[in-house]
Amino acid sequence: MNRKITLNESDIPEKWYNIVADMPNKPLPPLNPKTRQPAGPDDLSPIFPMGLIEQEVSAEQYIEIPDEVREIYKIWRPTPMYRATGLEKMLDTPAKIYYKYEGVSPSGSHKPNTAVPQAYYNMKEGVKSITTETGAGQWGTALAFACSQFDMNCEVYMVRISYDQKPYRKVMMNTFGAEVYPSPSDRTEAGRRILEKTPDTSGSLGIAISEAIERAVSDDNTKYSLGSVLNHVLLHQTIIGQESIKQLEYAGDYPDIVIAPLGGGSNFAGISFPFLKNNLTDGKNTRFIAVEPASCPKLTRGKFMYDHGDSAGYTPLLPMYTLGHNFTPAAIHAGGLRYHGASVLCSQLLKDDLIEAVALQQLECFEAGVMFAKAEGIISAPEATHAVAQVIREANKAKEEGTEKTILFNLCGHGFVDMSAYEDYFAGKLSDHEIAEERLTENIKEIEELQPE
Ligand SMILES: *Cc1c(COP(=O)(O)O)cnc(C)c1O
């Protein structure tokens with residue numbers, strides 16, 4: 001039995017898979033925040049290039065990957081899949097556990113899968129500079145790398161708490177040539193407004209998005225780029241699942257359960273959607289579990305409503321599970337999971353019971369991450385430990401029930417730049433977080449007035 005299942009560069013998918021084509025209930029349209037009417041391409045063109053807007057609204061089942069993009073994908077793709085024999089042994093489980101490892105990319109996570117095509121379509125349309133936000137720094141690093149491949153400028157607004165906790169992420173972005181500012185900053189109207197009200201704020205992805213959009217709108221040669229949530233981002237990530245199907249075929253296996261952490265939904269969608277296609281069109285019966293942190297529980301405790309993607313309310317209104325765009329989660333180390341909403345596609349699929357969601361506390365996740373490091377030799381990003389913890393739960397359940405479940409999960413990034421998180425965990429400085437129901441209700445009340453008639 002092979003422990004590691006690798007593919008050739010010629011196995012890099014030639015198309016992205018668009019789940020919209022196969023969804024029983026199509027996603028509701030985004031709304032223009034002023035008119036509350038469905039937002040069209042014109043609403044998006046000040047911030048995104050047409051090439052990406054077309055993908056955002058496409059209902060085509062497959063979309064061709066440009067050769068230039070596949071050429072850059074070759075730097076790290078196809079990514080390896082592993083059979084987690086070490087973890088299986090440690091857990092003494094009859095379950096078969098596989099993981100797809102996206103940590104081999106230039107930035108150490110799945111994010112370059114979309115950063116590269118996003119930079120490419122901007123470059124094609126003459127854009128010189130891209131602005132963006134970053135939480136833990138994973139997305140900023142990925143976009144900085146992608147921009148460097150096409151000789152473009154990159155301006156990153158990094159959530160304050162991560163800027164302070166993860167200084168090396170900033171240096172990585174600088175190495176790829178990007179400028180990095182802590183958010184909220186005094187460079188934008190949105191940032192200044194928040195600094196005035198709450199000078200000590202730890203920041204949030206919602207605020208950083210507002211800042212990056214504001215900068216993009218104010219310059220003709222500058223566009224904005226988002227690392228998750230939007231349909232085209234989820235689309236680009238489906239190369240993960242397509243490769244996984246091929247790798248499991250070589251192993252003679254097919255998953256009963258697919259697990260991934262969910263911040264906005266892109267790595268979860270990336271590994272899940274190609275398998276979910278087989279549920280929808282081919283009678284397969286795989287379960288898909290999105291794992292979120294208990295401190296930011298939009299899928300399990302949020303409401304399915306129209307909401308903004310950012311704090312200042314610049315983005316179109318999106319129909320999604322949300323905690324309210326002013327929800328600022330506790331300063332957990334899984335920065336990539338500290339987002340108030342879930343992508344429209346994942347939200348609709350959850351609403352239709354085609355995927356599942358669970359919220360986990362961070363101590364269980366770090367414990368799982370440490371166990372996984374010892375068993376498999378890979379130190380997971382704090383976000384990825386959420387998947388590992390759920391895998392352990394499912395593997396233990398399989399043991400209790402005596403069933404030989406096949407579990408696949410996305411190890412979406414390594415934790416080498418997050419060692420301060422593990423340090424805090426070992427020092428006993430981390431705690432679990434309970435959120436009072438009133439706090440959630442208050443935040444939701446604020447967005448009730450945004451709903452269409
Ligand atoms: C960004 C990120 C996430 C969360 O974003 P998704 O869009 O939900 O994938 C999770 N893990 C890692 C390592 C990340 O960099």
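Any value given below was found using the heavy atoms of this structure, including those in side chains, with hydrogens, waters and symmetry copies removed. In this text the structure is predicted, and so the values were computed from the model without any measurement.
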Pair E71, K74 - check salt bridge (charged side-chain N to carboxylate O under 4.0 Å, His left out), show working.
CA-CA 5 Å; E71 202 49 42; K74 285 181 187 170; 3.1 Å; yes
Will you find, in the side chains of K166 and S420, an N or O donor that is under 3.5 Å from an N or O acceptor?
no
Apply ring pair (Phe, Tyr, Trp, His ring centres under 6.0 Å) to Y224 and Y314, showing your working.
CA-CA 12 Å; Y224 163 73; Y314 294 153; over 10 Å; no
For atom CD of E367, decide whether the heavy atoms of other residues, nucleotides or ligands shown that lie under 6.0 angstrom number more than 12.
no
Starting from the C-alpha separation in whole Å, work towards a yes-or-no answer on ring pair (Phe, Tyr, Trp, His ring centres under 6.0 Å) for Y98 and Y82.
CA-CA 6 Å; Y98 295 88; Y82 292 89; over 10 Å; no
Indicate yes or no for a side-chain donor-acceptor contact from E292 to the backbone of L299 under 3.5 Å, with no hydrogens or angles considered.
yes
Taking the side chain as C-beta and beyond, is there a heavy-atom pair between S266 and H110 under 4.5 Å?
yes
Counting only heavy atoms from other residues, nucleotides and ligands, does the tally under 6.0 Å from CZ of F416 exceed 12?
yes
Ignoring hydrogens and angles, tell me if any N or O in the side chain of H340 forms a donor-acceptor pair with the backbone of L205 under 3.5 Å.
no
Between T201 and G203, is there a donor-acceptor pair closer than 3.5 Å when you use the side chain of the first and the backbone of the second?
yes
Any donor-acceptor N/O pair, S210 side chain to G206 backbone, under 3.5 Å
yes
For the pair E364 and R393, evaluate salt bridge (charged side-chain N to carboxylate O under 4.0 Å, His left out) and give the outcome as yes or no after the intermediate values.
CA-CA 10 Å; E364 177 180 345; R393 283 188 177 198; 2.8 Å; yes
Determine yes or no for a side-chain-to-main-chain donor-acceptor pair under 3.5 angstrom, with S162 supplying the side chain and G135 the backbone.
yes
Is it the case that over 12 heavy atoms from other parts of the model lie below 6.0 angstrom from the NZ atom of K429?
no
Decide ring pair (Phe, Tyr, Trp, His ring centres under 6.0 Å) for Y121 and H232; before the verdict, give the C-alpha distance in whole Å, the side-chain angles of both, and the deciding distance to 0.1 Å.
CA-CA 12 Å; Y121 289 108; H232 67 267; 8.9 Å; no
Looking at I239, is its backbone amide N or carbonyl O close enough to the side chain of K15 to form a donor-acceptor pair, meaning the two atoms are under 3.5 Å apart?
no
Assign the ring pair F145 / F176 to parallel, tilted or perpendicular, where the plane angle (0 to 90°) is split at 30° and 60°.
perpendicular
Report yes if some heavy atom in the side chain of Q237 is under 4.5 Å from a heavy atom in the side chain of F273; otherwise report no.
no
Could you work out, with side-chain hydrogen bond (donor to acceptor under 3.5 Å, both in side chains) as the rule, every residue matching N221, not counting sequence neighbours?
none
Can you confirm whether D220 is buried at CG, in the sense that more than 12 heavy atoms of other residues, nucleotides or ligands lie under 6.0 Å from that atom?
no
Q362 CD to L430 CG distance, which is reported to the nearest 0.5 Å:
5.0 Å
For E356 and R287: C-alpha separation, side-chain torsions, deciding distance, then whether salt bridge (charged side-chain N to carboxylate O under 4.0 Å, His left out) applies.
CA-CA 7 Å; E356 303 167 38; R287 291 173 58 207; 2.9 Å; yes
Apply side chain to side chain contact (heavy atoms under 4.5 Å, CB included) to residues N326 and S311 and explain how you reach the verdict.
CA-CA 6 Å; N326 284 323; S311 298; 4.2 Å; yes
Is there side-chain contact between P27 and L345, with at least one heavy-atom pair below 4.5 Å?
yes
When you measure from the side chain of K277 to the backbone of I19, do you find a donor-acceptor pair of N or O atoms at a distance under 3.5 Å?
no
R193: which residues meet the salt bridge (charged side-chain N to carboxylate O under 4.0 Å, His left out) condition with it, sequence neighbours left out?
none
Does any part of the side chain of I355, heavy atoms only, come nearer than 4.5 Å to the side chain of F268, both counted from C-beta?
yes
Any side-chain heavy-atom pair from S202 and R338 closer than 4.5 angstrom?
yes
The reported gap from CH2 in W76 to CD1 in I12 (rounded to nearest 0.5 angstrom) is 8.5 Å
Keeping D22 on the side-chain end and Q61 on the backbone end, is there a donor-acceptor pair under 3.5 Å?
no
Parallel, tilted or perpendicular, judged at 30° and 60°: which one describes the rings of H236 and W16?
tilted
Would you say the side chain of L440 lies within less than 4.5 Å of the side chain of L323, judging by non-hydrogen atoms?
yes
Can a donor-acceptor pair be found, under 3.5 Å and without considering hydrogens, that links the side chain of Q390 to the backbone of I289?
no
Using the side-chain hydrogen bond (donor to acceptor under 3.5 Å, both in side chains) definition, which of the options K111, K170, R169 pairs with T141?
R169
Give a yes or no on whether the ring-centroid distance for Y425 and H333 is below 6.0 angstrom.
no
C346/L262 under side chain to side chain contact (heavy atoms under 4.5 Å, CB included): CA gap, chis, key distance, verdict
CA-CA 9 Å; C346 291; L262 187 140; 4.1 Å; yes
Any side-chain heavy atom of F288 within less than 4.5 Å of one from L349?
no
Does atom CD of Q451 have more than 12 heavy-atom neighbours, drawn from other residues, nucleotides or ligands, at distances under 6.0 Å?
yes
Partner residues of Y157 under the ring-ring contact (aromatic ring centres under 6.0 Å, His included) criterion, sequence neighbours left out:
Y181
Is there a side-chain contact between Y73 and I65, using heavy atoms and a 4.5 Å cut-off?
yes
So, E133 side chain and L226 main chain: donor-acceptor pair closer than 3.5 Å or not?
no
Stepwise side chain to side chain contact (heavy atoms under 4.5 Å, CB included) check, N410 with K100:
CA-CA 5 Å; N410 200 16; K100 181 75 164 157; 3.9 Å; yes
Give me the ring orientation class for Y422 and F426: parallel if the planes are under 30° apart, tilted from 30 to 60°, perpendicular past 60°.
tilted
Say you draw a straight line from OG of S218 to CD1 of I213; how long is it, rounded to the nearest 0.5 Å?
12.0 Å
Trace of the side chain to side chain contact (heavy atoms under 4.5 Å, CB included) decision for L450 with R36
CA-CA 8 Å; L450 298 174; R36 309 270 164 91; 4.3 Å; yes
Side-chain donor-acceptor pair present, E102, N113, cut-off under 3.5 Å:
yes
